[in-house]
Each structure stands twice: as C-alpha cells, then as structure tokens.
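If you read the sequence from its start, that first residue is 1, and numbering goes on from there.
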Amino acid sequence: MRTLHSTIALMTLALASTLSHAEVKIDDVWVRATVPQQKSTGAFMRITSTEPTTLVGVHTSAAPVSEVHEMKMEDNVMKMRKVDAGIAIQPGKALELKPGAFHVMLMDLPSAMTAGSHVPLTLVFKDAAGKESTINVHAQVRALNAAAPAKMDHGQHKH
Ligand SMILES: [Cu+2]
C-alpha cells in the first residue's frame with residue numbers, strides 16, 4: 001500500500017501545481033543554421049500561455065550571450081535591438097518569434113550551428129505577480145530556407 005499511497009500523493013501534487021501555475025506552451029522551436037565565422041544567429045518559436053506572462057530572458061549553453069530582440073523600421077532601415085522590458089504574452093494570443101520580427105539572438109557563438117543539430121534553450125518568464133519561472137526546450141537547427149521545398153532539378157532524374 002505504501003507504493004499506492006505515494007503514487008496518489010504524487011498525482012495530487014502534480015494536479016495542484018498545474019492549477020496554480022500558468023501553462024506556457026512552446027512550439028516549433030528552431031535556430032537558424034550559421035556559416036563558418038558567423039558569430040550570431042536567431043532562435044524562433046511560437047509561445048502561448050493560459051495566463052498573462054512576459055518572456056524576459058533566455059539562457060543557453062550554446063552561446064555566451066543570448067538576448068530577446070525586436071526588429072523595427074526606423075528611417076527606412078530595419079533595425080534590431082534588445083527588448084529590456086521583455087515581451088508580454090496575452091492568454092489565447094500566440095507570440096510568434098520569427099525572422100524579421102521578435103526573435104532570440106544568440107551571440108558570440110563559439111562554433112557554427114549545423115543544420116540538424118539541437119540547441120538547448122532555457123526561457124525565462126515573469127508572471128503578473130512578478131514571479132519568475134523557466135521552461136527548457138530543445139531547438140532544432142535549420143537552414144533559413146529549410147521550410148520551403150527545394151527546387152527540383154529534373155535534369156538529374158532519368159525517367
Ligand atoms: Cu537580433
């Protein structure tokens with residue numbers, strides 16, 4: 001019976017923590033592959049939350065510096081800057097981190113990011129009460145044009 005009791009206790013604990021915390025979901029996490037000598041790249045993902053929360057920071061073992069960035073047109077020039085206050089996420093409205101918009105910047109890369117490899121990312125969120133929590137994800141490294149189907153070279157096929 002001891003085993004059963006501790007199982008029930010664990011289940012109760014799990015349920016309690018689900019009820020008392022915002023549920024943040026992170027999908028489609030990827031990092032843009034780099035070429036040799038390239039020292040920075042972007043990480044992208046879709047984030048949704050059941051409660052208002054703010055993405056305030058990112059940590060990764062793959063880069064000594066990682067920041068939350070935004071891109072904005074200024075005097076007809078696309079400029080990128082660090083978002084010090086973080087990015088607010090409203091319930092039911094997905095936050096899309098994507099090329100040309102909000103993104104996570106990984107800087108001072110010690111080595112190239114190769115397509116197909118994985119990068120661990122720790123995302124830091126702050127809820128409405130100011131309490132911080134973290135979520136760990138694994139981002140897949142992809143070439144920028146990986147989502148688009150490659151052009152078929154029919155000349156190489158012999159039908
Ligand atoms: Cu950036």
Side-chain angles (χ1 to χ4, degrees), residues 6-34 38-109 112-150:
S6 55
T7 305
I8 290 169
L10 275 175
M11 284 170 67
T12 311
L13 201 67
L15 187 66
S17 67
T18 310
L19 291 174
S20 60
H21 290 279
E23 204 164 301
V24 178
K25 247 184 75 190
I26 302 170
D27 300 297
D28 202 22
V29 194
W30 64 285
V31 166
R32 187 189 290 181
T34 62
Q38 188 181 339
K39 286 293 169 212
S40 64
T41 191
F44 312 98
M45 66 201 75
R46 186 188 319 108
I47 307 172
T48 50
S49 177
T50 56
E51 302 289 333
T53 189
T54 304
L55 173 65
V56 292
V58 182
H59 305 291
T60 176
S61 56
V65 183
S66 47
E67 298 177 346
V68 179
H69 277 191
E70 67 176 333
M71 288 190 91
K72 257 190 181 165
M73 283 297 266
E74 268 175 27
D75 304 324
N76 285 326
V77 179
M78 196 64 137
K79 284 193 176 159
M80 179 161 78
R81 69 158 59 98
K82 190 181 173 202
V83 187
D84 288 311
I87 308 172
I89 301 165
Q90 297 304 323
K93 194 169 180 293
L95 168 67
E96 304 266 2
L97 303 187
K98 56 189 177 186
F102 286 122
H103 58 275
V104 169
M105 202 79 198
L106 308 179
M107 294 179 281
D108 298 339
L109 298 175
M113 296 278 188
T114 322
S117 60
H118 285 83
V119 177
L121 298 174
T122 300
L123 303 166
V124 186
F125 294 90
K126 197 182 253 184
D127 69 11
K131 190 170 168 285
E132 286 196 356
S133 58
T134 58
I135 295 181
N136 297 316
V137 293
H138 271 83
Q140 192 190 45
V141 180
R142 294 184 203 161
L144 175 60
N145 56 359

Once you round to the nearest 0.5 Å, how far does [atom1] of [X] lie from [atom2] of [Y]?
X	Y	atom1	atom2	result
Glu74	Asn76	CD	CG	11.0 Å
Glu67	Leu106	CD	CG	10.0 Å
Met107	Ser66	CE	OG	7.5 Å
His118	Gln140	NE2	CD	4.5 Å
Asp27	Met45	CG	CE	11.0 Å

Donor-acceptor under 3.5 Å ([X] side chain, [Y] main chain):
X	Y	answer
Thr50	Glu23	yes
Thr54	Val56	no
Thr60	Pro120	yes
Lys39	Asp108	no
Ser117	Val141	no

Legend entry - Plane angle bin for His69 and His103 - parallel if under 30°, tilted between 30 and 60°, otherwise perpendicular: perpendicular
Inset, instruction - Find out whether Lys72 and Lys79 are in side-chain contact, i.e. whether some heavy atom of one side chain is under 4.5 Å from a heavy atom of the other. - result: no
Inset, instruction - Measure the shortest side-chain to side-chain distance between Ile87 and Leu97 over non-hydrogen atoms and say whether it is less than 4.5 angstrom. - result: yes
Legend entry - Any donor-acceptor N or O pair under 3.5 Å, side chains Thr53, Asp127: no
If you compare all heavy atoms of [X] against all heavy atoms of [Y], which two are closest, and at what distance to 0.1 Å?
X	Y	result
Met113	Thr34	N-OG1, 2.7 Å
Glu132	Val124	OE1-CG1, 3.6 Å
Ala143	Trp30	O-CZ3, 4.5 Å
Ala62	Val119	CB-CG1, 3.6 Å
Thr41	Ala33	OG1-O, 4.4 Å
Met78	Gly100	CE-O, 3.6 Å

Legend entry - Basic-acidic side-chain contact under 4.0 Å: Asp28, Lys98: no
Inset, instruction - Check the pair Glu96 / Arg46 against side chain to side chain contact (heavy atoms under 4.5 Å, CB included), numbers first and verdict last. - result: CA-CA 5 Å; Glu96 304 266 2; Arg46 186 188 319 108; 3.5 Å; yes
Legend entry - Among Leu55, Ile26, Ile89, Leu95, the one residue meeting side-chain contact (heavy atoms from CB on, under 4.5 Å) with Ser49: Ile89
